[in-house]
Amino acid sequence: MNKSLSFLLALVLAGVTTAAQGPQKRPNVLLIGVDDLNDWIGCLGGHPQAKTPNIDRLAARGVIFTNANCQSPVCNPSRASLMTSLYPSTSGIYFLDPDLSESPVARKNTLMPHRFQQEGYYVCGAGKLFHGGQNQKYRPNYGGSFGGFGPRPKKKISPFPGHPLWDWGAYPERDELMPDHQIAGWAEDRLAQLKEQPLWMGVGFYRPHVPQFAPQKWFDLYPMDTLQLPETISDDLKDISRYGIDITRLKHVAPTHEWVLANNQWKALVQSYLACVSFVDAQVGRVLDALDKSAYRNNTYIVLFSDHGFHQGEKERYAKRSIWKDGAGVPMIMAGPGITRGKKCDMPVQLLDIYPTLLELTGLKADPLHEGHSLVPLLKDPDAKWPHLARASFGPGNYAIISKRYRFIQYNDGSEELYDHTQDPHEWHNVVNDPKYNRVVQRHRRQIPQKRHEILGKGSTGHLSYAASEENRRTDRTK
């Protein structure tokens, strides 16, 4: 029996099994989002000490994509792309605002929750899948944010004097006080309630997004005296253009690398981040346990993703907002009926692909407006031929084009970077000027979009950073 027939047979058998347990027969969807999660999870090996047993066991049940990328390393545009399957260069949503409704192009697309609702699904969710108030606006039967990024102490725990969300340390006293714990509890309750309709549930966790707070017990998993810092090299920026440095630093609100070193906070930041990752991993585990105890257990497709990556000192910076692997690379796992179990796929995929994939998995008609591609061929065979490349951006003109082996970056000033991941997995050495890579550069350069929507919205950190970088570029030209 060939792989396609085996996959279809698995879907049919899953439906039969579920029919015997309850009235709903069509495949269900459980979407789990984790905010600001990089590859510091056990199954990706981004940090050798990361403890994520629950995300790891989900990976063992399906396929983990080791070369997955977001469309923009910022919450709003990344999530807008996921929910519309449109690139930022198509929608004009590049930064923390505007709302999806302010993009004439995005308005033409049916958002993922609405499409499944139209198809007869019971759609519900809690926490963060869209950015800010759009969660309540665009998610039917929304359970709430349960406090979002809270709770926060009256005074900062860390010595950083900057943005109020940029804080880290052991806080509060108990898991039960954390919004993510309450979001997982909401999911547990809903999964115990069998609906007549098939279920689409979106669960969005807020950690490890700043403030990087978690109760002390999660910090105890990572003692400071044995804690390892990420691998870095000195002078990592020596082969990066001024524009490439500016766009990842100007007008950003994260602490600078110089401040972190001067105040001896690097280990504290790494410890806090890992503590938050392990805390949120436990909440993911509660949701998976609830699913496995429910009538939905044999007929549900699970997708776990992060909206973008996060630097912890790599490239001498912190936070997101870069199109290097540390900023734009994301964890992405898919599991469910007929999906290959316990496999890794290193093909270049993107969050843009989740929506069309779920449509095919659930037997729904594809949407011709989608710019992503269904990942079903890779879910059947992670080594299948995959002709597509991935693309990330931070404002019009700044693009990363990602293939199985390479990451090519072109900035709006025309400067470029190329990293060969077989030789340089940390992206330490820019080889764009090495003649032996000329054909590789040309191939990736052809994928840079020439049609670029104007920037919508104004005033966010991304808008300010882009404007400041462009101002420096114009000034350099006049010298």
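Counting begins at 1 with the first residue of the sequence. Note: hydrogens, waters and symmetry copies are ignored here, and every other heavy atom, side chains too, is used.
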S278 vs Y222 side-chain heavy atoms within contact, under 4.5 Å: yes

Under 3.5 Å: donor-acceptor pair, side chain of T66, backbone of C345: yes

Criterion side-chain contact (heavy atoms from CB on, under 4.5 Å) on W200 and T362, from CA distance to verdict: CA-CA 11 Å; W200 185 100; T362 55; over 6 Å; no

Side-chain touch R139/M83, heavy atoms, less than 4.5 angstrom: no

Salt-bridge present (D36, K320; N to O < 4.0 Å): yes

Minimum side-chain heavy-atom gap Q271-W168 below 4.5 Å: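 No, every pair of side-chain atoms sits at 4.5 Å or beyond.
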
Nearest heavy-atom neighbours spanning I339 and L361: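 So the minimum-distance heavy-atom pair works out to CD1-CD1, 4.5 Å.
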
Backbone of I247 reached by a side-chain donor or acceptor of S469 within 3.5 Å: yes

Over 12 non-hydrogen atoms of neighbours within 6.0 angstrom of CD in E176: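 Count over threshold, so yes.
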
Output a table of donor-acceptor pairs, distance under 3.5 Å, between side-chain atoms of residues 325-338 and any protein atom two or more places apart or on a different chain; print 'none' if there are none.
none

For Q136, all residues meeting side chain to side chain contact (heavy atoms under 4.5 Å, CB included), sequence neighbours excluded: Y142

Minimum-distance pair of heavy atoms, taken over all atoms of V34 and S306: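 Scanning both residues, the minimum pair turns out to be O-OG, 3.0 Å.
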
Under 3.5 Å side-chain donor-acceptor pair for Q212 and S272: no

Heavy atoms of other groups near K156 NZ, more than 12 under 6.0 Å: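 Enclosed.
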
N28 side-chain N/O to T300 backbone N/O, donor-acceptor pair under 3.5 Å: no

D99 bridged to K137 by N-O distance under 4.0 Å: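 Judged by the 4.0 Å cut-off on N to carboxylate O distance, D99 and K137 do form a salt bridge.
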
Pair R286 + D180: basic N to acidic O under 4.0 Å: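 No.
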
Separation of L44 CG from I64 CD1 (nearest 0.5 Å): 3.5 Å

Donor-acceptor contact below 3.5 Å, side chain E314 vs main chain Q312: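 Judged by distance alone, yes, a pair lies under 3.5 Å.
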
I354 vs L31 side-chain heavy atoms within contact, under 4.5 Å: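 The answer is yes; the side chains approach within 4.5 Å.
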
Modelled atom types, side-chain donor and acceptor of H308 and S72, under 3.5 Å: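 Looking only at side-chain atoms, S72 and H308 do not form any donor-acceptor pair under 3.5 Å.
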
Heavy-atom side-chain proximity of H131 to V74 below 4.5 angstrom: no

Any side-chain donor near an acceptor of the partner, S158 and Q265, under 3.5 Å: no

S465 backbone acceptor or donor facing H252 side chain under 3.5 Å: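 Side chain of H252 to backbone of S465: no pair is present.
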
Could you tabulate the donor-acceptor pairs under 3.5 Å formed by side-chain atoms of residues 382-402, not counting sequence neighbours?
from, atom 1, to, atom 2, distance (Å)
W386, NE1, P348, O, 3.0
H388, ND1, H373, NE2, 3.4
R391, NH1, S89, OG, 3.0
S393, OG, Q71, O, 3.4
N398, OD1, N412, N, 2.9
N398, ND2, F394, O, 3.0

Non-hydrogen atoms of K195 and Y296 that approach each other most closely: N-OH, 2.9 Å

Minimum side-chain heavy-atom gap C124-L199 below 4.5 Å: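 Counting from C-beta outward, C124 and L199 do come under 4.5 Å.
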
R79 and D35 ion-paired at < 4.0 Å: yes

Shortest non-hydrogen contact from P151 toward F213: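 The answer is O-CD1, 3.7 Å.
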
Polar side chain donor-acceptor pair, Q283 to Y206, under 3.5 angstrom: no

Spatial distance of atom CH2 (W40) from atom NZ (K51) [nearest 0.5 Å]: 12.5 Å

Side chain D56, main chain I41, donor-acceptor under 3.5 Å: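 Such a contact is absent between D56 side chain and I41 backbone.
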
Residues H311, S322; criterion side-chain contact (heavy atoms from CB on, under 4.5 Å); working and verdict: CA-CA 9 Å; H311 289 252; S322 90; 2.7 Å; yes

Pair D346, N67: side-chain N/O donor-acceptor within cut-off below 3.5 Å: no

Separation between CZ of F130 and CG of L100, rounded to the nearest 0.5 Å: 6.5 Å

Donor-acceptor contact below 3.5 Å, side chain T52 vs main chain D281: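 Side chain of T52 to backbone of D281, a donor-acceptor pair under 3.5 Å: no, none is there.
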
Plane angle bin for H370 and Y355 - parallel if under 30°, tilted between 30 and 60°, otherwise perpendicular: tilted

Interatomic spacing from OH in Y318 to CH2 in W166 - rounded to 0.5 Å: 9.0 Å

Flag if over 12 foreign heavy atoms under 6.0 Å of NZ, K343: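 Counting neighbours around NZ of K343, 12 or fewer heavy atoms of other residues, nucleotides or ligands fall under 6.0 Å, so no.
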
Exam field: side chain E427 to backbone P425, donor-acceptor pair closer than 3.5 Å: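 No; zero donor-acceptor contacts below 3.5 Å.
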
Rounded distance [0.5 Å steps], CG in L250 versus CD in E470: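 L250 atom CG to E470 atom CD measures 11.0 Å (nearest 0.5 Å).
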
Contact summary for N135 and L129, nearest pair of heavy atoms: OD1-N, 2.8 Å

Closest contact, heavy atoms only, A468 versus K251: CB-CG, 4.0 Å

Approximate separation, where rounding is to 0.5 Å, of R297 CZ and L288 CG: 14.5 Å

Whether D189 side chain and W186 backbone form a donor-acceptor pair below 3.5 Å: no

4.5 Å side-chain heavy-atom contact, R61 and I302: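 Sidechains of I302 and R61: in contact.
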
Validation row: P88, F95 side chains within 4.5 angstrom (heavy atoms): no

